[in-house]
Amino acid sequence: MSEFQRLRCRVAFHALQFRPEIQILGLRMVERLRASGQPFLAYHPGLVRDTLAYHGCAELFQDVHTELIQYRRAQLIKQGIINDELSVDSHLRRENGSCPLMPEEVGLLLRALGYPSKTIIYLAGSKTFGGQRLLIPLRALFGNLVDRTTLCSKTELSDLVGPEAPLPADIFRLPLPKSEQQLIDQWKKAGPRPRPLPPPPDRPIYQHEKEGWYAWILEKDKEPDPSPMEHRMQAHRLIWDALDYIVSVEADAFFPGFNNDGSGWPDFSGLVIGQRLYERASSRTYRPDRKTIAALFNITRDDLYHPKRDWMLSVKEHLNRSLSEDGFFRQSLLSKPNSFLSHPLPECSCRIPSVETTKQIKGKDGRIVLGGEEECPKWMELARAEGARNDDMESAEDDNDTVEQLEPDAVDATSSLTSLIDHDEEWDPND
């Protein structure tokens with residue numbers, strides 16, 4: 001049985017590869033990031049519209065973005081993917097760890113960990129829902145926030161795409177002017193929910209309103225079909241995600257904004273964490289507990305940029321624990337029931353004592369794909385046995401409760417943070 005599991009590992013991490021030109025450009029981007037001589041951190045926000053709609057995180061955004069998430073959530077409910085109400089308390093979902101960390105929160109966590117403002121942070125992800133507005137606080141904290149557009153020239157990116165047939169000209173047309181009576185009738189039919197007001201007559205129509213999500217919300221309740229340009233951009237995003245994946249795997253540190261969302265769908269951050277575990281189990285990969293992080297931020301919500309010293313110490317303790325054996329243990333219990341690829345330990349990187357040692361077999365790239373594995377540590381075997389026991393006795397939802405029971409220190413620390421911080425009279429914003 002263990003040999004079949006090893007076969008899954010070889011297929012998942014060796015048989016599936018990117019195109020050679022994508023691999024070459026991805027490694028070239030890593031070299032450019034390390035040209036300064038300092039390590040860099042990769043960060044993936046995980047802000048995807050479908051994921052936000054699935055978990056009901058609409059209220060964390062503003063204006064039109066909230067309506068976009070709710071519209072997508074209504075579609076998922078109609079398709080039977082979600083068996084839940086349309087309107088839910090997004091702030092309660094956030095406190096339960098079901099919503100992603102915002103870029104501003106990630107920047108504050110990294111600053112609490114001691115990362116200097118000159119740290120190079122690579123922003124992964126072909127598209128961040130909410131746009132560049134959400135990244136402004138993170139850019140203010142860390143000026144060296146880069147992405148593929150700052151590391152690669154337009155020629156290098158266009159060469160990956162290859163020649164493309166020209167698309168038809170922009171067929172956008174301004175809607176016909178409406179009479180005063182038509183405007184009054186539409187206002188009466190709008191219902192109690194306040195709808196966004198249309199732009200003033202003298203204001204120009206910007207490009208993002210032509211191709212984006214803003215115009216159709218103002219005029220109708222049904223989302224338009226994707227245009228040829230949007231289909232092409234969606235295909236391009238697959239290539240950009242491949243580049244970001246290579247850079248994230250090779251990064252000196254990786255911080256996921258959202259992973260193990262419980263939906264059962266493979267996500268970018270989960271796959272990167274699994275690949276980094278398979279290649280270098282000792283790599284610095286943060287695995288924050290979003291429920292604990294939300295509790296920490298609720299404590300210091302009024303003093304985000306000048307928190308007390310004990311709050312920063314609690315953040316350091318939690319995130320450093322996510323790098324240790326406790327983090328491996330918790331990640332195993334959360335990831336195994338949903339996705340094997342997000343936590344390929346111990347099956348792919350070591351062997352249990354009952355399995356005989358096999359002869360080493362190397363692949364074309366020189367890496368060992370079979371045999372030569374060392375015995376798994378005892379704590380990893382305990383995690384594996386505990387995960388198997390939970391699979392037999394409890395459902396995947398109960399596994400989350402098991403993780404909380406296995407970490408009483410973390411729960412006690414979070415519950416006592418309020419009283420601990422209130423007694424802290426010494427404060428230093430640069431500490």
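It should be emphasised that the depicted structure is a prediction, and the values quoted were computed from it without experimental measurement. Numbers here simply count residues along the sequence, with the first being 1.
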* **Within 6.0 angstrom of Q234 CD, more than 12 heavy atoms from elsewhere** => no
* **Residue E180 excluded, over 12 heavy atoms near CD under 6.0 Å** => no
* So, D241 side chain and S126 main chain: donor-acceptor pair closer than 3.5 Å or not? -> yes
* Asked: Ignoring hydrogens and geometry, is there a side-chain-to-backbone donor-acceptor pair from R94 to C99 under 3.5 Å?
  -> no
* To do: For R232, enumerate each residue passing the salt bridge (charged side-chain N to carboxylate O under 4.0 Å, His left out) test, keeping only those at least two apart in sequence or located in another chain.
  => E164
* Structure fact -> In this structure, OG1 of T285 is separated from CZ of R280 (nearest 0.5 Å) by 8.0 Å
* Return yes if a side-chain donor-acceptor contact under 3.5 Å exists between Q275 and E279, otherwise no. => yes
* To do: Give a yes or no on whether a salt bridge exists between R301 and E105, defined as a side-chain N under 4.0 angstrom from a carboxylate O.
  => yes
* Asked: Any sub-3.5 Å donor-acceptor pair from T66's side-chain atoms to F61's backbone N or O?
  -> yes
* Asked: Between F13 and Y278, what is the ring plane arrangement, given parallel below 30°, perpendicular above 60°, and tilted in between?
  -> parallel
* Strictly by modelled atom types, are D147 and T149 linked by a side-chain donor-acceptor pair under 3.5 Å? -> yes
* Asked: Between R72 and D50, is there a salt bridge with N-O shorter than 4.0 Å?
  -> yes
* To do: Report yes or no: do H44 and S269 form a side-chain donor-acceptor pair below 3.5 Å?
  => yes
* Could you tell me whether a side-chain N or O of S248 sits under 3.5 Å from a main-chain N or O of Y245, the two making a donor and an acceptor? => no
* **Distance-only donor-acceptor check, side chains R73 and Q70, under 3.5 Å** => no
* V48 side chain reached by F268 side chain, heavy atoms, under 4.5 Å -> no
* Mark yes or no for whether H318, through its side chain, and D289, through its backbone, hold a donor-acceptor pair below 3.5 Å. => yes
